[in-house]
Amino acid sequence: MKANPASQTATDTLAKKSRSEEVISGGHLVAKALKSEGVDTIFTLCGGHIIDIYDGCLDEGIRIIDVRHEQTAAHAADGYARQTGKLGCVVTTAGPGCTNAMTGIATAFRSESPILHIGGQSSLTQHKMGSLQDLPHVDMMTPITKFASGVMSTERVADMISMAARECFTGAYGPSYLEIPRDVLDREIPKESAVIPEPGRYRASVKSIGDPEDIERLADLLVKAERPAMLVGSQVFMSRGHQAAIDLARSLNVALYMNGASRGILPPGDPHYFNRTRSSAFKKADVIVIVGTPFDFRMGYGKRISKQATLIQIDQDYRTVGKNRDISLGLAGDPGAILAAVLQAATGRSDNGAKGRQGWLDGLRAEEAEKTEKLMPMFLSNSNPIHPYRLAWEINEFLSEDTIYIGDGGDIVTISAQAVQPRGPGNWMDPGALGSLGVGTGFAMAAGLAHPQKEVICLYGDGSFGMTAFDMETANRFGAPYIAIVGNNSHMNQIRYGQVTKYGEQRGNVGNKLGDVPFGTFAEMLGGSGQEIRDPNEIQPALQRARESVKSSGKSAVINVWVDPNEYAPGTKAQTMYK
Ligand SMILES: Cc1ncc(C[n+]2csc(CCOP(=O)(O)OP(=O)(O)O)c2C)c(N)n1
Ligand SMILES: [Mg+2]
C-alpha cells in the first residue's frame, strides 16, 4: 500500500491518518524510539505541531501527562528522571511552548538531569517564511543542553532520538533538545525505510572506573587515613551509585556527608550519617573525598576545604575535576563503579584501618549533637507569628520513610534544609544550582507518578507557590495528589533581607512585597482540603489532617502557614550564595 500523499505535506493538516500497516509517521517513530529508551511517560502541553506524537504514544502505551504550563512539564520530566533513574521526556509545541519550557530545561542542565525535550516546529516547506510560532529553537536551546538539533527527515526521527538519548548520559548527565518540524512528524514513510535502533543495542555502559591505577591509589589513601570524610553529591544518586558509597563508608569507617539528590541515601541515626559538621570536618579531616558534586558556589568554590588535607575528587565529568581549586587526586568516571572498585581494592589489604578511625567519628558525632542542641530553641519556638524554624522542625517530625520531600522557595526552604532530614534514597528534591523558583509542582507530580505508593510533600515559599501552583490540578487529575505547605511571609523574603540591610527599611521594602493570600482556599477550589495555620502548636495536627485528606479524597491539600517575615536563615544573612 502507498503512503497517504496528503499527509506528506503541510497543505492538508487534517488529512485522515492512513493507519496502514506498511507505513509509519514521524510522530509514531518518536513514540517507538521513546519506548525503546524505556520512556513510559511524557509531560506535555498540546500544540498543533506535535499532535502526531500523541497518536504514536497511544499505540506504544506511553502515558501522556498534559499540564497547564510548559515550565511545569519540563520540571516534571526532570523530576521523573530523578525519581526513576531513566530518561525523562518533555514534549512542547513550537515558539512559546519552547520558551515556557526553557527554565525547566536550564534547571535540568545545571542539575545534570537526563531529559529529552522534543519541540515542535513549523513545516520544512514553510522554513523561514514567517510561519506560526516560528523561532530559532535549536539556537536558543544549544547553550542550555548537551545536544540540540533539528530533525530533517522522517526516516531519521527514531535514530536521532537514540542519538539525543546517548548524549543525555555521556559524562555528567543532562538534557538534549530535538526540534521536529510538523511535516517531518506527519509524513508517513514505508516502514522499511525508517531507521529504528533496537532497545539495548544503541548505547554502551557508562559505568567506567577511569584509570585503574588511581583506584589503587585512592584505596591506599583511604586505608591509611586517620580522619577521612566523604561528601556524596547529586551524581551519586542520579547514577544510582549510592549503595557503593554506603558500603565504602561502612567498611572503611568514613564519615559520610550528603547533598543535593543524594540526601537521604542514609537515614539520620545511621552510624555513618553526618549532617551538621561538614565544614568542621572539611577543616579537620586528613583525607577528603568529594564525589559527584562540583566546587561551585554551594561549596564556596572549594575555598572552605582545608589546604592541608589530601583532597580527592570523583566526577562523571572530566571538566569538573580540579575545577576552581587544586586537588590531590582526580578520577573521572561513574561514581558507583569507582567507589565499588576502591572498596574491592581496599578489601584486599590486611588491615583497612576502620577501627582506628572510630575516635574521629565519635568526635564528629558529639559535635553534631552540640550543634543540634544549639538549634533546638528555634526548632521548638512557640513564638507568634510562627518562627520558620518551628515549621521546618514540625515537617521533619512528620516525615515517614516513604515521604518524598521537595523544597521550592527562598528563605523558607533554606531554613528547612537545617531541619529536614529525609529518611530514604530519592526522598529529597531541590532545584539545584540554578536556584529556580517554581520547580515544586512539577517535581511533586513527577514524584507521585513515579512512586504512587509514596507520600509527597512540597514546602513552598508564597512567592514560589504563585509561580506554578495551578498544575496542582494536573497532579490531582492524574492521581498524584500531594501535600503542599506554604511558608507564607507575604514577601520574597530571601531577597528582601539583602535589600533592607543595604538600603534601609524605607528603600529596601521595594519590589518584594506580596499580598496576604489565604492559599488554603486554592486547594479547596481544586477539590482538596485547605488549612490556615497561625498557631505553632497547630502545625503537627494540620499535617496529620492533610495526610488523611489526601488519602481519602485523592486531592492535594494545602497548609498555608503564616510565618514571621522578620526571621531569616543564617545563610541568607551571610549572603553565602553570592560569595
Ligand atoms: C525563577 C526565579 N525568580 C527569581 C529568583 C530570585 N529569588 C530567590 S529567593 C526569592 C524569594 C522567594 O520568595 P518565597 O518563595 O516567598 O520564599 P521566601 O524567601 O519568602 O521564604 C527570589 C525572588 C529565583 N531564584 N528564581
Ligand atoms: Mg515568601
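The structure presented is a predicted model; accordingly, all values stated were derived computationally and were not measured. We count ligands from 1, going down the list as the structure has it; atoms in each ligand are counted the same way.
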Tell me whether [X] contacts the main-chain N or O of [Y] through its side chain, where contact means a donor paired with an acceptor under 3.5 Å.
X: Asn324; Y: Phe295; value: yes
X: His451; Y: Gln83; value: yes
X: Arg547; Y: Phe398; value: yes
X: Thr468; Y: Thr72; value: no
X: Asp411; Y: Ala569; value: yes
X: Lys146; Y: Ala172; value: yes
X: Arg263; Y: Val420; value: yes

Only heavy atoms of [X], strictly under 4.0 Å: list the atoms of ligand 1 that pass.
X: Gln494; result: 9 (S), 19 (O)
X: Asn493; result: 18 (P), 19 (O), 20 (O)
X: Gly463; result: 14 (P), 15 (O), 16 (O)
X: Ser464; result: 15 (O)
X: Asn489; result: 18 (P), 20 (O), 21 (O)
X: Gly409; result: 15 (O)

For the metal site, I want the angle between atom OD1 of Asn489 and atom OD1 of Asp462 with the Mg ion (ligand 2) at the apex, to 10°. 90°
For [X] and ligand 1, does the shortest N/O to N/O distance drop below 3.5 Å?
X: Met467; value: no
X: Ser436; value: no
X: Ile412; value: yes
X: Gly410; value: yes
X: Gly435; value: yes
X: Asp408; value: no

Do Arg477 and Asp66 sit within salt-bridge range, that is, some charged N less than 4.0 Å from a carboxylate O?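 So Arg477 pairs with Asp66 through a salt bridge.
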Quick one: is the NZ or CZ of Arg276 closer than 6.0 Å to the six-membered ring centre of Phe274, and within 45° of its axis? no
Please identify which of these residues, Glu70, His49, Gln121, meets the side-chain hydrogen bond (donor to acceptor under 3.5 Å, both in side chains) condition with Thr93.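 Looking at Glu70, His49, Gln121, the match for Thr93 under the side-chain hydrogen bond (donor to acceptor under 3.5 Å, both in side chains) is His49.
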Regarding Asn488, does it place an N, O or S atom less than 2.8 Å from the Mg ion (ligand 2)? no
Does Asp411 put an N, O or S atom under 2.8 Å from the Mg ion (ligand 2)? no
Among Thr103, Ile415, Leu437, which one has a heavy atom closest to atom 26 (N) of ligand 1? Leu437
Among Leu514, Thr468, Ile495, whose heavy atom sits nearest atom 8 (C) of ligand 1? Ile495
Is there a donor in the side chain of Ser234 and an acceptor in the side chain of Glu112, or the other way round, less than 3.5 Å apart? no
Atom of His491 closest to the Mg ion (ligand 2), considering N, O or S atoms: O
Taking heavy atoms and a distance under 4.0 Å, where does Arg496 meet ligand 1: side chain, backbone, both or neither? neither
Any non-hydrogen atom of Gly438 lying under 4.0 Å from ligand 1?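 The answer is no: ligand 1 sits nowhere under 4.0 Å from a heavy atom of Gly438.
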Other residues, nucleotides and ligands only: do more than 12 of their heavy atoms fall within 6.0 Å of CZ on Phe379? yes
Using 30° and 60° as the class boundaries, would you call the ring planes of Phe465 and Phe522 parallel, tilted or perpendicular?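 The arrangement is perpendicular - the two ring planes meet at more than 60°.
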Please state which protein non-hydrogen atom is closest to atom 19 (O) of ligand 1 and give its distance, to 0.1 Å?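 For atom 19 (O) of ligand 1, the nearest protein heavy atom comes out as Asp411 N, 2.7 Å.
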